[in-house]
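What you see is a predicted model; the values in this text were computed from it and never measured. The sequence lines fix the lettering, A, B, ..., with proteins before strands; numbering per chain opens at 1.
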Number of protein chains: 2
Amino acid sequence: MSQPIHLKNAGLKSTLPRLKVLNLFENGDERHLSAEDVYKKLLGSGDDVGLATVYRVLTQFEQAGLLVRHHFEGDKSVFELNQGKHHDHIVCIQCDRVEEFYDATIESRQRKIAAERGFSVQDHSLNIYANCTKLKCPNKRI
Amino acid sequence: MSQPIHLKNAGLKSTLPRLKVLNLFENGDERHLSAEDVYKKLLGSGDDVGLATVYRVLTQFEQAGLLVRHHFEGDKSVFELNQGKHHDHIVCIQCDRVEEFYDATIESRQRKIAAERGFSVQDHSLNIYANCTKLKCPNKRI
DNA sequence: ATAGGAATGATTATCATTATCGTATATGTT
DNA sequence: AACATATACGATAATGATAATCATTCCTAT
């Protein structure tokens with residue numbers, strides 16, 4: 001558990017919709033959520049927010065550094081709490097579950113490769129799309 | 001230079017629009033093209049194809065294994081000739097130029113990491129977003 | 001050359017996301 | 001606590017990339 005996030009500190013007014021969205025990421029059961037995921041979860045728990053607000057808030061949270069945006073395969077963005085530690089992702093192509101990993105060797109080789117070619121790395125994304133072998137997938141979409 | 005591709009062998013009728021699109025990838029100056037890139041290049045060279053056809057043909061070529069689709073940052077798909085050799089990409093965030101690289105160490109560590117977690121890798125994408133340091137960027141969009 | 005199915009292209013539809021705009025609300029100041 | 005005001009909200013329209021529709025045109029085997 002990390003410290004609870006205070007919207008004020010992020011330069012954002014503390015409004016109901018924002019608190020609800022933030023709460024989903026801090027206390028929800030899934031770390032990785034799309035805009036529609038967030039919207040549906042809020043509606044499902046009786047919280048009446050607009051879809052436009054969800055998109056707006058997610059983008060603001062991203063800009064404020066509270067959330068990180070990912071582009072996995074498919075057309076929609078997925079967000080997760082920014083916990084400061086960069087990591088990459090394994091995405092199950094059966095159930096869309098996302099697992100995180102970090103590998104120092106991969107990280108350093110990326111920097112080395114970029115440097116050798118005259119680039120300075122600003123950002124990078126590594127996504128592994130895979131099937132669970134041991135694990136039981138709850139099959140397609142949660 | 002690889003062997004020229006014959007549409008027939010890929011199970012596709014040999015039509016003018018398809019030949020023109022294929023030609024762009026085989027003989028054009030840029031390996032990585034979006035649907036709109038292709039559309040504009042064809043219009044620019046006096047070839048009158050429909051945008052719908054471009055999208056259709058790109059998807060068919062991808063399914064036939066002639067092209068590979070990539071999702072770099074941003075909302076549009078980018079395609080390149082499938083030359084059989086998997087590789088990852090460095091994308092210049094100033095000029096969108098794309099450079100390819102392959103690193104056996106990174107590849108094997110990915111497989112190892114996935115296996116340790118009970119996944120069998122189906123696919124993966126590694127994109128490094130960077131600035132040219134030595135190279136002169138022709139600045140934003142070609 | 002012909003027939004018939006597949007391909008084309010103009011257009012419409014779709015899906016995720018963003019912009020608009022009138023109304024509602026949070027917060028610093030009385 | 002009530003106010004004033006900038007800001008946020010939410011319904012809806014707009015956008016941009018891509019897919020679907022469908023009448024017309026074009027390959028290819030006969």
[atom1] of [X] versus [atom2] of [N]: gap in Å, rounded?
{"X": "Y55(A)", "N": "dA11(D)", "atom1": "OH", "atom2": "P", "answer": "15 Å"}
{"X": "H70(A)", "N": "dA16(C)", "atom1": "NE2", "atom2": "P", "answer": "19 Å"}
{"X": "L58(B)", "N": "dT8(C)", "atom1": "CG", "atom2": "P", "answer": "12 Å"}
{"X": "R56(B)", "N": "dT11(C)", "atom1": "CZ", "atom2": "C1'", "answer": "12 Å"}
{"X": "D75(B)", "N": "dT17(C)", "atom1": "CG", "atom2": "P", "answer": "10 Å"}
{"X": "E36(A)", "N": "dT17(C)", "atom1": "CD", "atom2": "C1'", "answer": "12 Å"}
{"X": "K8(B)", "N": "dA29(D)", "atom1": "NZ", "atom2": "P", "answer": "6 Å"}
{"X": "L51(B)", "N": "dT14(C)", "atom1": "CG", "atom2": "P", "answer": "18 Å"}

* More 5' along DNA chain D: A35(B) or D48(A), using each one's nearest nucleotide? -> D48(A)
* Structure fact -> Walking DNA chain D from its 5' end, the first of R69(B) and G50(A) to be reached, judged by nearest nucleotide, is G50(A)
* **Donor-acceptor under 3.5 Å (R69(B) side chain, E62(B) main chain)** =>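 Not at all, since once roles are kept as given, no pair shorter than 3.5 Å links the two residues.
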* To do: Examine distances only and state if a side-chain atom of Y39(B) and a backbone atom of S34(B) form a donor-acceptor pair shorter than 3.5 Å.
  => no
* Asked: Does a side-chain N-to-carboxylate-O contact under 4.0 Å join K41(A) and D29(A)?
  ->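 The answer is yes: the pair qualifies as a salt bridge.
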Taking 4.0 Å as the cut-off, does a side-chain nitrogen or oxygen of [X] come that near to OP1 or OP2 on [N]?
{"X": "S34(A)", "N": "dA16(C)", "value": "no"}
{"X": "K76(B)", "N": "dA17(D)", "value": "yes"}
{"X": "T53(B)", "N": "dG9(C)", "value": "yes"}
{"X": "T15(B)", "N": "dT8(C)", "value": "yes"}

* Asked: Which of these nucleotides, dT7(D), dA20(D), dA6(C), is closest to any side-chain atom of K13(B)?
  -> dA6(C)
* Are L16(B) and Y55(B) in one and the same hydrophobic cluster, where Ile, Leu, Val, Met, Phe, Trp and Tyr link if side-chain heavy atoms are under 4.5 Å apart? ->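 Result: no, two separate clusters.
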* To do: May I ask whether L58(A) and L19(A) are part of the same hydrophobic cluster, defined by side-chain heavy atoms of I, L, V, M, F, W, Y residues being less than 4.5 angstrom apart, directly or through others?
  => yes
